[in-house]
Amino acid sequence: MTVDLTIVIPAYNEERRLAPTLEAIRAYLDKAANTAGAAEAADAGAQPPQWELIVVDDGSTDRTADIAAEAAAADPRIQLLRGGRNRGKGHALRQGVLASYGRRVLVTDADLAAPIEELEALEKALADGHAAAVGSRARPGATIGVHQHRLRELLGRGGNFLIRAVAVPGIRDTQCGFKLFDGDRARAAFAASRLTGWGIDVEILHHFDRQGWPVAEVPVRWSHQEGSKVRPADYVRVLAEVTSLKTRAVRRTDLLVAALFLAFATVLYSSRWISPDHRYLPHSLQDQNQWEWFFEVTAHNIGHLQNPLFTHLQNAPDGVNLMANTVMLGLSVPLAPVTWLFGPAVSLNLAMTGGLAATAFAWYWLIVRRLVRHRGAAALGAALAAFAPPMISHAHAHPNFIVLFMIPLIVDRALRLCEGRHVVRDGVVLGLFATYQIFLGEEPLLLAAMGMLLFTVAYAVVRRDVARAAWRPLARGTAIALAVCIPLIAFPLWWQFFGPQSYKSVLHGDNAGNSPLALLSFSERSLAGDAETASSLSMNPTEQNAFYGWPLVALALLIVVWLWRSAVVKALAFTAVAAAFLSLGPKFRIPLTDVVLSGPWALLSDRPLFESVIESRVAMVCAPALGMLVALAVGELAARGAEGRPKWGRPFRYAGLAAVTASLLPLLPLPLKAVDRADVPAFIADGTWRSYVDTDAGETLVPVPLPDPAYAEALHWQTTADLGFRLPGGYFNGPWGPDRVGIYGASPRNTSNLLRDVRNTGRTVRITDAWRNAARVDLRYWNAGVLVLAPQAGDAALRSTVDDLLGQRAKWVDGVWIWDVHGGG
């Protein structure tokens, strides 16, 4: 038997309210049936709408069951289901819905706080194509006749806010007891439900959301009825049930994928995790020292309530603009307690290991949500996006380029804007996401925006109908995002670009682009890699920004040809190819020839922001694009196998999976190399320096030679000493010259240049009075308290030079040579 409408009423001790409710519903439905019957009388065989009403007694101890039984005896369309002992609203609703036959199912509370006449508005929403329509007291247009107690209203609003955040985004009022469902989907959802209490409403809506069944929230008239069974403690129970629901909804496969990504990232950094404080990644060059210092100085500034955007601890007396130096405040600030307790080496290791795993899982989440339901295919694509050769190269030294878990979230939020359902909310969230990413890394956000723009243009060309429908909500949402983001970042960005020690741009020379061969070769840390080839095709081991290998490039070409009908595939292919060409730089040489051509990057190279980008890094955009292509291909192969295609389908599937394996296996990253770290001299580690540096007078400790991007071990000394002293020189980005051009390290001075040249050549320099006068000026400028020379290659030449420069012989103290120059000599 099938009827047009089933009404399900859960009832527990409702003897005072049930009879009027049943009579009101029956009268309304009979009137509606009579009206429809009269309108269709001209149609032969037309039948008025049929309905049934199911009362589920949830173990009432009063006359509720008797009243329902009497109504059922008077009208066979009314049924009574007895539930035995009281088990909760969720259990009662489940029994009633599963016993229903309606093409539509209305669930309503026994108090009929929302009048049955509001059914018409819900039916209109279902007629418009929604799978469910829920009555709402929170949507514009809703009318509240009699309000609840103020405390109950506040609890309800707070509870609904938490429910939206945890389980049902977008539905403002989940607990209004007036909901209309498509019958078959309602029975499927209630059959899959498990909750027995008030949380059943959230569980059902959560099920609809996961299945992709559209739900409309319809404003209704509503009046509070005395005798409500909901108590303040029930809000806590609902939240507990919703949290339990969300926990159970997590797929074991997803947890396994997350665990595998974390295990993979841990293995990658295993050589450092053995002893983070005493292990160093040699391929990081001096960047590990720099990043540990960044984490330490952020924790220091937070702990001492100092400006986290600036410090005088490096480059004394001028200082360092930290906002202009990618200190990743988005991670270094929340990890400050870890830094205080365990040191910056542990914080950095934790950030890079956990951040890389989180990035992989974020890409996995995006691919499952937007591209491929097959978890294995999505995991493979996400692994390629997060552990591609360029990512592994940056994993040595640049956490801002591997901690990218916000990028997939930003992409997803932009896609939600295109759907146009919750433009204001999604625009606000996008603005907050972009703000946080700025405090993780601005250059990766710029590259991500370039990749999104390339994909958007390509997809709009292929699917103009989608572009026409999407551009207005996308433009509006982007404007909202900017309105949210700009006030939050205005001051930090002003400080970055106009504050003390700010600079205009950092130039990287004419050879910062990729060679076309780099796109086809293997990186040093890939299973099939070759250190000599990779070195010849990259700036240094931390900037191997392509190196996808010719097998993967060939596989991507085959995937594009095979799945060319897909608009997504076309857009991804264009994105990857365009990013690869941009990464070649303003000029590139065709391999094995002397022919030099202009590259598309020439159009951007002198533009603001882009002028500071290392163009070879644009090839990193290819990683997620290639990962998604691989995920789509593997998902298609898996689906073909499951569909039982013709006999040739299975061999094709196996051949395809073998091709994917053969293309990705050479790119398997090897664990990063780590070596024992040089011991910090006892002069620093034991605090002997305190006897030679008057910190109250602002004196500095001057390493010989001064720290610079080529040798920054003094930054490790400083973190070991808990940032107790200041240093001149250092490894950072700062201004140089009247044009404030960005350079790596401090502005050069006569004495710093002299000591650097002696270190590099290993030869002493004939010291003249001019050199001595310049040294006195520089030492006063730095307010030097002591000069310190640690044992190192060429230290004899350095010691002899400084002896002659200062006119005093060095003293050996606790493992270092020192020159006491209180007051700057």
So, does His422 use its side chain to make a donor-acceptor pair with the main chain of Arg425 at under 3.5 Å?
no

Which heavy atom in Ala379 sits nearest to a heavy atom in Phe261, and how many Å separate them?
O-CZ, 3.7 Å

Got Leu474 and Trp471 here, is their nearest side-chain heavy-atom distance under 4.5 Å?
no

Using only atom types and a distance under 3.5 Å, with no angle test, would you say the side chain of Arg194 pairs donor to acceptor with the backbone of Ala192?
yes

If the condition is salt bridge (charged side-chain N to carboxylate O under 4.0 Å, His left out), which residues does Arg82 pass it with, not counting sequence neighbours?
none

Can you name the closest pair of heavy atoms from Ser193 and Glu203 and give their distance?
CA-OE2, 3.2 Å

Could you check whether any side-chain heavy atom of Ile116 comes within less than 4.5 Å of a side-chain heavy atom of Leu106, counting everything from C-beta outward?
yes

Is it true that Thr253 and Arg375 share a donor-acceptor pair across their side chains at a distance under 3.5 Å?
no

Salt bridge present between Glu23 and Arg26 (N-O < 4.0 angstrom):
yes

Side-chain heavy-atom pair Ile489, Phe439 within 4.5 angstrom cut-off
yes

Any carboxylate oxygen within less than 4.0 angstrom of a Lys/Arg side-chain nitrogen, looking at Arg468 and Asp465?
no

Taking Asp4 for the side chain and Trp51 for the main chain, is one N or O donor matched with an acceptor at less than 3.5 Å?
no

Any donor and acceptor pair, going by atom type alone, linking the side chain of Asp111 with main-chain N or O of Ala113 inside 3.5 Å?
yes

Looking only at heavy atoms, what is the nearest atom pair of Phe178 and Pro115, with distance?
CZ-O, 3.6 Å

Has Arg16 got more than 12 heavy atoms of other residues, nucleotides or ligands less than 6.0 Å from its CZ?
no

Would you find a donor on one side and an acceptor on the other, under 3.5 Å apart, between the side chain of Gln79 and the backbone of Ile54?
no

Nearest atoms (heavy-atom pairs only) where Gly135 meets Val220:
CA-CG1, 3.8 Å

State, with a plain yes or no, whether a side-chain heavy atom of Arg210 is found less than 4.5 Å away from one of His206.
yes

Report yes if the side chains of Thr108 and Thr21 come closer than 4.5 Å at any heavy-atom pair, otherwise no.
no

Using the ring centroid of each side chain, check whether Tyr436 and Phe433 are separated by less than 6.0 Å.
no

Hey, is the main chain of Glu15 close enough, under 3.5 Å, to the side chain of Thr64 for a donor-acceptor pair?
yes

Is the closest basic N to carboxylate O distance between Arg63 and Glu70 below 4.0 Å?
yes

Of all heavy-atom pairs linking Leu5 and Leu119, the shortest is CD2-CD2, 3.7 Å

Main chain of Cys176, side chain of Asp201: is a donor-acceptor contact present, judged purely on distance under 3.5 Å?
no

Within the distance-only criterion (no hydrogens, no angle test), does the side chain of Asn86 pair as donor or acceptor with the backbone N or O of Asp58 below 3.5 angstrom?
yes

For residues Val568 and Leu563, determine if any side-chain heavy atom of one lies less than 4.5 Å from a side-chain heavy atom of the other.
no

What closest approach, in Å, do Ser136 and Glu217 show between heavy atoms, and which atom pair accounts for it?
OG-OE2, 2.8 Å

Any side-chain heavy-atom pair from Phe405 and Val403 closer than 4.5 angstrom?
yes

Count the heavy atoms of every other residue, nucleotide or ligand shown that sit under 6.0 Å from CZ of Arg370, and state whether that count exceeds 12.
yes

Please check: side-chain N/O of Asn13 versus main-chain N/O of Ser60, any donor-acceptor pairing under 3.5 Å?
no

Do Asp254 and Trp365 have side chains that get closer than 4.5 Å, going by heavy atoms?
no

Determine yes or no for a side-chain-to-main-chain donor-acceptor pair under 3.5 angstrom, with Glu52 supplying the side chain and Tyr101 the backbone.
yes

Measure the acute angle between the ring planes of Phe181 and Phe208, then classify it against the limits of 30° and 60° as parallel, tilted or perpendicular.
tilted

Does CZ in Arg421 sit with more than 12 non-hydrogen atoms of other residues, nucleotides or ligands closer than 6.0 Å?
no

